[in-house]
Structures are given as C-alpha cells and as structure tokens.
Participant: 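Please find one structure pasted underneath; my questions will follow.
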There are 2 protein chains.
Amino acid sequence: MPETGQQVGTRQRVEDSAALLFRRQGYAATGLKQIAAESGAAFGSIYHFFPGGKADLGDHVVRRAGAAYRDLVATALGGDADPETAVLSMFDAAARALAESDYADACPIATLALEVASTDERLRMATEAVFADWVDTATAWFGQWVPRPADRDLATSLIMLLEGAFLLARAARDPGPLHIAGQSMVTLLRAHRSG
Amino acid sequence: MPETGQQVGTRQRVEDSAALLFRRQGYAATGLKQIAAESGAAFGSIYHFFPGGKADLGDHVVRRAGAAYRDLVATALGGDADPETAVLSMFDAAARALAESDYADACPIATLALEVASTDERLRMATEAVFADWVDTATAWFGQWVPRPADRDLATSLIMLLEGAFLLARAARDPGPLHIAGQSMVTLLRAHRSG
DNA sequence: CCCCTAGTTGAGTGATCGTTCTATTTAGGA
DNA sequence: TCCTAAATAGAACGATCACTCAACTAGGGG
C-alpha cells in the first residue's frame, strides 16, 4: 500500500468510471457490471473497495467529484482580476466544455442529486454537503467585492444559474443558455456592487 | 369512448401515477410494475394504451406534465399587476408547494431530462420542446414590460433560476434557495426595465 | 518455508426489469 | 342476440439488477 503514485489503482479507476457514468446517464440507470466493464476492474473488486455496495460507491463518488469540480470552478474564477470578466469567462469555459463533450459532461452530481433527493437519505446528504461547499467557496470569492450578506446570495444565484443553464443546454443541445446565465450573473454582480 | 368526464379513466390514472413517480424518483428507477400498482391499473393495460412501452409512456407524460406546469406557472405570474410582486409571489408559491410535498414535487421533468439527455434521443427532444414552450410563455409575459430581446433573456433566466433553486432546495430540504432566486429575478427585471 | 493479509476473479443467487403473449371480460351497434 | 373491438388480466420470457461467496494469486515479515 505505499503510495507509489505512478500507476492508477483499481479503486481509483472504479471511482472515475462510476463518476463518468453517473454524470452522463444517472445513478439508477448505471449498473455495477457496467462500471466494472468500463473501468477494467473485476466485478468483485468493487465490493472489496466499497463493501457497502452501490450506495457506498455513490457516496464516495459524489464527495470526490464534488470537491474536484469546486476546485475546477474556483480556478476558472480566480484567474482574472476583474470579477465581471471572470464570471463571463467561467460560463464561457463551461459552455465550451459541455459542447466538446457532446453535451454529456455538465454538473457531475446534478442528475444523481435529483434522483436520490426523495429516495436515499445518505446520498441526499452527500449532495447537500457538496452544494453547500460550492456555495461557501463562491461566497468567499464574491466577498472580495461585495459586502455580506449579498455575497452569499450572489454565490447561491451563481450555482442556481449554472445548474439551470446546464439543464436547458443539455436538453436543447445548445450552449446558448450558459451564455445568457453568464450575462445575468454579471448583471446581478453589478447591481450589488453599485447598490 | 364518449367523454363522460365523470370518472377518471385508466389511461389518465396511469399517466398521473407515472408523472408522480418520474418526478419524485426519476425515469430509470421507476418500473412499469410500480406504475401499474400505484395507479390500480392492470399491467397489460399500460401496453394497451402505450404500445411503444416505457419510452412511449414517458414521452406522453413529459408533454402532458410540461403543458400543465406551464399553465400553473402562467397563472401564478398573471395574477398580479406589478411584475415584480408577481415574480416574488410565484417563487413563494413554488417554495410553499415544495415544502408541503416534503421536498418531493419540484419540476415535473427535470430529473427525467437530465437522465435521458445523453441516452434517449426521443425523450430528450420531448424535454427540449417543453423547456422551449416554457421559455416562450415567459418571454411573452416579460414582453409586457421589457423590449426585445431582453424579454427572452429574462424568461430563460427565470427558468434557469427556478430549476437551479429546485435542485438546491431538494438537496438541502430547505426552501431558502427559492426565495433567493425570486429576489435575484426581481433584480434582473429591475435592471432591464430601468436600462 | 510458511503465513497472513490485501487484492483479484467470476460463477451463482434471487429478485426485478421491460416486454410479449394469450385469455377473458366488457360494452355498444347492428 | 350476435359481432366486434376495446379493455382487462396476469402468466411467462430472457435479460439484467445488486449482491454473495468461495477459490485464487501476490508479496512481505517471521
């Protein structure tokens, strides 16, 4: 078990494949057999690393993918000095990534979150924690330019607009909603800075 | 087949139960056996009314529930003379309905839309049509107070904020995001009216 | 050399999936 | 009353589901 860091272990390959499939086709529609085949792992290995079964794997995937996406968005936002252009370029990057993945890779946990919200309390709490983490991160970022408590409202609106835009863009196979969301976010930010 | 209109037919009971289950737990997680049991219909009756099977039923449910929800939102918006209070009360009503259903009944098609966006072209197109219909309806409503093309951007942002707020509210079992979304929508409307 | 544990492997379990199929019942028009 | 089509009813099918389990391999410490 020493961490060689050189080759990707079975556990991580399973998590990566599960994250990809949950994101593209949802939690219920993804079978453990499919995850095993996609990752190249033996079927039994999934239960070796995740004794709790599918829900256990789902919990780990939600938290890991959630943290990774938070870092991705934080990096995209932090690049620019001007917050308005930063917001615009972040939505632009999201639109580009979505179109390049043939409208498959949007939010890593949104589909699963809606599926389990009323049916699996453990997974629901995992998605709640991820969304709260995202809002906290965005709140700290907006706090650089906007006083409380407007920073948190802006952060929440950013996540809501991004998630809603992902939904419309995937359904229509068109990046347009993401650009509209970016413009609306700029309008909200401007209103709170001048007011 | 004369339309008596007095008692609910089997076909409608099946559609209603399917709509409820798709909305609460998603498309893939809902079995036709469960729909038959919930609606009280015989299993074979589902295939009598929907010869195309589950996808056929899903298509009808998406379009019917989509039109019904459009009417619901249009009624909620059209009640007030002042557009700002109308928007606020609409998000308020959505928050109340969500909490009263124990955070189960949010958007009737969002979960299904994300599930099928990359896996079922027919159902994806059905969700695309519903979202386009909603945006068209909201565009006409905003057009009463805002010139083109801002009316359509406002309408798209309304749907995005509503969908994003539903997602966060269900995950956190908290109506807070819907109130924040309502306030942000008022801010956007105000910015476009004065600008 | 033996042990011990971590990890791998896939066959097998019962349950449930969507779907098909054949009867049977119902109801209105001729 | 008979005919026809709609609707009801559920058994059966093959496939797949999440999951269990026992056998197996690899490798480091005693």
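Residue numbering restarts at 1 for every chain, and letters A, B, ... go by the order of the sequence lines.
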Participant: Could you tell me whether the side chain of B/W141 reaches within less than 4.5 Å of the side chain of B/V87, counting heavy atoms only?
Facilitator: yes
Participant: Using 4.0 Å as the upper bound for N to carboxylate O, is an ion pair formed by A/D120 and A/R124?
Facilitator: no
Participant: What is the separation between atom CG on A/L57 and atom C1' on D/dC19, rounded to the nearest whole Å?
Facilitator: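 A/L57 atom CG is separated from D/dC19 atom C1' by 14 Å.
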Participant: Who are the side chain to side chain contact (heavy atoms under 4.5 Å, CB included) partners of B/L88, not counting sequence neighbours?
Facilitator: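 Expected list: B/Q183, B/V186.
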Participant: State which residues pass side chain to side chain contact (heavy atoms under 4.5 Å, CB included) with B/A94; sequence neighbours excluded, sorted by chain then number.
Facilitator: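 So B/A94 forms a side chain to side chain contact (heavy atoms under 4.5 Å, CB included) with B/L162, B/F166, B/L178.
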Participant: Which residue, A/V61, A/L57, A/D16, forms the side-chain contact (heavy atoms from CB on, under 4.5 Å) with A/I35?
Facilitator: A/L57
Participant: Report the C-alpha distance between A/D105 and A/R170 in whole Å, list the side-chain angles of each, state the deciding distance to 0.1 Å, and finish with yes or no for salt bridge (Lys or Arg N to Asp or Glu O under 4.0 Å).
Facilitator: CA-CA 9 Å; A/D105 296 343; A/R170 289 193 72 198; over 6 Å; no
Participant: Return the residues of residues 110-122 of chain B meeting this criterion: a heavy atom under 4.0 Å from some atom of DNA chain C. Order them by number, or give none.
Facilitator: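 Those residues: none at all.
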Participant: B/Y47: what forms a side chain to side chain contact (heavy atoms under 4.5 Å, CB included) with it, not counting sequence neighbours?
Facilitator: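 Side chain to side chain contact (heavy atoms under 4.5 Å, CB included) check on B/Y47 returns B/L32, B/F43.
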Participant: Quick one: side chain to side chain contact (heavy atoms under 4.5 Å, CB included) partners of B/R193, sequence neighbours excluded?
Facilitator: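 B/R193 satisfies side chain to side chain contact (heavy atoms under 4.5 Å, CB included) with B/D82, B/P83, B/E84, B/W145, B/V146, B/L189 only.
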Participant: Nucleotide by nucleotide, 5' to 3', does protein get under 4.0 Å of the base (B), only the sugar-phosphate (S), or neither (-) in nucleotides 8-25 of chain C, counting heavy atoms?
Facilitator: BBBB-----SBBB-----
